[in-house]
K.L.:
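Structure in structure tokens, see below.
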2 protein chains.
Amino acid sequence: MTRVKLIDVARAAGVHPGTASRALNSDPDGRVSAETTRRVVETAKRLGYVPNSFARGLRTARSFVIGMIVPDVTNPLFPPMVRGAEQVLSQAGYTLVLTDTDNDEASERAQIERLRSRGTDGFLIATALWEDPLVEELGEVGVPAVLINRNTAVHRLPYVGCDERTGIEVSVDHLVGLGHREIVHLAGPQDTSTGRERASAFRHSLRVHELPVDPDQVLICSSYTEQAGVEATTRLLASGRPFTAIVAGNDLIALGALETLAAAGRHAPDDVSVVGFNDLPLVDKLTPSLTTVALPLREMGALAARILLAEIEDSDHFGPVAQSLLGVSLAVRGTSGPAPGR
Amino acid sequence: MTRVKLIDVARAAGVHPGTASRALNSDPDGRVSAETTRRVVETAKRLGYVPNSFARGLRTARSFVIGMIVPDVTNPLFPPMVRGAEQVLSQAGYTLVLTDTDNDEASERAQIERLRSRGTDGFLIATALWEDPLVEELGEVGVPAVLINRNTAVHRLPYVGCDERTGIEVSVDHLVGLGHREIVHLAGPQDTSTGRERASAFRHSLRVHELPVDPDQVLICSSYTEQAGVEATTRLLASGRPFTAIVAGNDLIALGALETLAAAGRHAPDDVSVVGFNDLPLVDKLTPSLTTVALPLREMGALAARILLAEIEDSDHFGPVAQSLLGVSLAVRGTSGPAPGR
DNA sequence: ACGCGTTGCACAACCGATTGCGCTTACCCT
DNA sequence: AGGGTAAGCGCAATCGGTTGTGCAACGCGT
């Protein structure tokens with residue numbers, strides 16, 4: 001049951017293996033007659049020929065494999081991006097290899113090393129830190145790669161994200177429109193672009209509305225988790241700072257905040273308003289349902305994949321490094337309401 | 001920047017490439033002296049040698065790649081299984097390639113074809129149908145593969161799942177203990193093992209409690225989705241059959257049921273009790289929180305990976321095909337309560 | 001009819017690591 | 001001292017496609 005190989009096809013079609021190869025790959029300047037091509041293709045199909053990708057890869061140094069690196073597949077933020085990317089890639093004949101790093105830099109390095117030794121053609125990276133030596137290395141070695149969701153300080157690689165700033169701005173607009181004036185921000189980790197951007201956009205939005213901006217109005221969470229949201233909210237309550245609304249760094253932080261507030265006797269939306277970010281599955285079914293910023297995750301994945309493919313296909317395409325931002329939308333739901341006393 | 005290859009290492013160490021290969025692979029009967037081995041390994045590290053897996057794969061016909069096939073990565077049921085499998089595999093030096101099929105058989109076939117042409121060493125399959133020609137083919141060709149989460153009618157391949165029957169039984173026990181006697185089951189698709197097992201276990205449990213079992217007590221959902229849950233519940237309400245509790249085929253169906261019931265003015269847990277299956281993230285935060293059966297998803301993935309590796313490592317291991325069931329637990333929460341009128 | 005340019009295909013080197021085979025060297029035993 | 005043994009390593013074939021080069025045949029123009 002040894003697999004049928006190129007030489008079998010060639011023999012059956014009465015041509016040289018080299019010719020068969022050109023025929024099957026529709027070699028543009030290999031000059032194979034239409035008749036021969038037809039015959040080879042036909043016998044290949046008849047024999048059920050499947051090319052051996054090791055042999056091909058050895059010669060061409062191309063694998064048609066794309067590696068995607070995410071912090072954690074079980075975080076519902078990532079699967080839709082994976083899905084979008086995979087759809088584009090598999091249609092183009094590529095295979096997506098997914099690995100998660102558990103937010104561990106050593107593990108990330110090992111994964112990338114392994115993938116590179118497998119001849120991976122390019123990378124989709126969702127784990128970038130704001131200052132990330134690993135990613136910069138990749139950029140310098142010239143490995144095709146696209147950042148997704150998180151950017152780095154230096155824009156050496158193409159980036160696909162969403163319009164975080166606007167997301168925060170419409171959140172603040174929404175809250176101000178409801179009469180809130182004491183708004184705080186539970187920011188994500190500041191070693192990620194998302195954490196920094198959202199915090200920066202938050203401060204900017206307050207200024208636009210001519211509201212005062214105090215330093216203690218932005219509390220930094222150590223991670224994008226519910227637990228970190230609980231901690232930050234506990235700090236906020238302990239500080240005694242007055243507030244009627246919270247803009248959370250993401251949905252999980254928002255959940256932590258809601259929980260902590262409820263334990264302190266302050267309930268959304270009557271006593272306090274909370275807005276999240278990401279629109280995770282099921283947050284619309286909570287009671288009250290979570291007001292949050294919805295992201296086009298699948299489109300982000302698809303776009304990143306397309307950019308990566310373009311990067312790979314013409315490697316001499318030293319165009320400007322693209323920074324693409326996709327639009328977001330605010331899903332107004334139950335956790336946001338009029339400011340108390342209005 | 002051409003990569004350093006075996007011959008470079010060999011030259012630097014003053015040995016023949018063949019010898020270097022044996023030294024680096026600690027060839028058991030290749031008899032390389034300890035001293036030479038040490039020297040080769042040392043220079044390899046110094047030069048930063050990374051073996052080319054194409055060349056290796058071409059020669060050895062091994063890829064150290066495992067393919068995992070799931071219906072849909074964005075279904076939160078699967079990422080934990082992926083995670084568990086990936087952890088085991090990457091520790092053993094394997095890479096996991098994840099693909100989803102979108103529940104489409106043609107796409108599934110294409111994906112498997114592609115992976116096989118890449119020399120994939122084995123498969124983890126979470127998409128099996130109860131009668132699945134595709135899976136049976138794999139079994140016959142002798143490709144190492146392990147089924148996970150869903151089994152097939154014929155047990156030709158190893159299977160790792162969880163103890164569905166007990167999960168349903170404890171659910172029914174719980175409801176009966178609360179005084180419910182009119183219990184219905186919204187079953188999953190009957191072309192999957194999970195759908196069939198759970199329905200069968202449901203009927204069995206009723207008999208154990210000496211409750212009557214009517215055919216109209218089991219309604220079949222067309223898929224494991226919220227939408228299908230809505231439809232089935234609508235049918236149930238229309239049928240006029242009395243009931244005080246529902247055992248749902250999975251959490252999404254349960255959510256659809258809760259929603260439909262609420263729209264009809266029947267609220268959990270006072271008017272009706274609902275139990276789900278899977279314990280998806282956030283279902284514990286709903287109001288009321290969902291009583292459901294929790295599955296050891298990560299462990300399932302890890303175990304399946306271990307079995308697959310064993311299968312691959314000694315291919316002459318024609319032991320009995322393992323059918324492994326992991327234990328489950330009932331998370332009693334807010335949607336289940338005493339039967340009305342008790 | 002001759003020369004030149006094309007077209008169509010065969011030839012063989014090559015990608016880089018693995019591995020069966022066989023040669024050399026050192027050592028041991030009688 | 002000679003023959004035997006085995007350890008240690010080099011040699012070259014091999015995996016299966018891809019691709020630069022060369023050669024034959026054919027068509028066309030003058």
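A, B, ... follow the sequence lines: proteins, then strands. Residue 1 opens every chain. Hydrogens, waters and symmetry mates play no part in the numbers below; they use all other heavy atoms, side chains included.
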K.L.:
Mapping B:A55 and B:T19 onto DNA chain D by nearest heavy atom, which one lands closer to the 5' end?
P.N.:
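Result of the comparison: B:T19.
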K.L.:
Which nucleotide in the set C:dT18, D:dT18, C:dG20 lies at the smallest distance from any side-chain heavy atom of A:L6?
P.N.:
D:dT18
K.L.:
For D:dG10, does the base pair up with any side-chain atom of B:R22 as donor and acceptor (N or O, under 3.5 Å, distance only)?
P.N.:
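Answer is yes: a donor-acceptor pair is held.
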K.L.:
Any idea which of C:dG16, C:dC9, D:dC9 is nearest the B:S33 side chain?
P.N.:
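Within the option list, the nearest is D:dC9.
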K.L.:
Salt bridge check: are B:E35 and B:R39 linked by an N-O gap of less than 4.0 Å?
P.N.:
yes
K.L.:
Counting only side-chain N and O atoms of B:S21, is one of them less than 4.0 Å from OP1 or OP2 of C:dT18?
P.N.:
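Yes, because at least one side-chain N or O of B:S21 sits under 4.0 Å from OP1 or OP2 of C:dT18.
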K.L.:
For the side chain of B:L58, starting at C-beta, report the closest nucleotide among D:dG16, D:dG10, C:dT18.
P.N.:
D:dG16
K.L.:
Counting only side-chain heavy atoms from C-beta out, which of D:dG16, D:dC15, C:dG8 sits nearest to A:K5?
P.N.:
D:dG16
K.L.:
In whole angstrom, give the distance that lies between atom CZ of B:R56 and atom C1' of C:dC15.
P.N.:
16 Å
K.L.:
Within this structure, what is the CZ-to-P distance between B:R62 and D:dC15, rounded to whole angstrom?
P.N.:
19 Å
K.L.:
In this structure, how many angstroms lie between the C1' atom of C:dC9 and the CD atom of A:E35, rounded?
P.N.:
14 Å
K.L.:
Quick one: B:I7 CD1 to C:dC14 P, roughly how many Å, whole number?
P.N.:
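My rounded result for the distance is 12 Å.
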K.L.:
When you check the gap from the basic side-chain N to the acidic O, do A:E311 and A:R306 get nearer than 4.0 Å?
P.N.:
no
K.L.:
If you compare all heavy atoms of A:Y94 against all heavy atoms of A:D121, which two are closest, and at what distance to 0.1 Å?
P.N.:
CE2-OD2, 3.8 Å
K.L.:
Identify whether the distance between the nearest side-chain nitrogen and carboxylate oxygen of A:R83 and B:D102 falls below 4.0 Å.
P.N.:
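Counted as a salt bridge, because a side-chain N and a carboxylate O are separated by less than 4.0 Å.
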K.L.:
Between P on C:dG16 and CZ on A:F54, what's the gap in Å once rounded to a whole number?
P.N.:
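Those two atoms, CZ and P, are 16 Å apart.
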K.L.:
Find the distance B:R38:CZ to D:dG8:C1' and express it as a whole number of Å.
P.N.:
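The distance from CZ of B:R38 to C1' of D:dG8 comes to 16 Å, rounded to the nearest Å.
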K.L.:
Within the pair A:N52 and D:dC15, is there a side-chain N or O less than 4.0 Å away from OP1 or OP2?
P.N.:
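Answer is no, no contact under 4.0 Å.
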K.L.:
Between C:dA10, D:dG17, C:dA17, which nucleotide gets closest to the side-chain atoms of A:R59?
P.N.:
D:dG17
K.L.:
Rounding to a whole Å, what distance do you find between B:R118:CZ and D:dC15:P?
P.N.:
23 Å
K.L.:
Of the listed nucleotides (C:dC11, C:dG8, C:dT19), which one gets closest to any side-chain atom of A:H16?
P.N.:
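Comparing C:dC11, C:dG8, C:dT19 against the side chain of A:H16, the answer is C:dC11.
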K.L.:
I need the CZ-C1' distance between A:R11 and C:dA10, as an integer number of Å.
P.N.:
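It is 15 Å, rounded to the nearest whole Å.
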K.L.:
Over all strands shown, is B:T36 touching base, sugar-phosphate only, or nothing at heavy-atom distances under 4.0 angstrom?
P.N.:
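It contacts sugar-phosphate atoms only.
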K.L.:
Does some side-chain heavy atom of A:S193 sit less than 4.5 Å from a side-chain heavy atom of A:T152?
P.N.:
no
K.L.:
With heavy atoms under 4.0 Å as the rule, sort A:T60 into base, sugar-phosphate or nothing.
P.N.:
sugar-phosphate
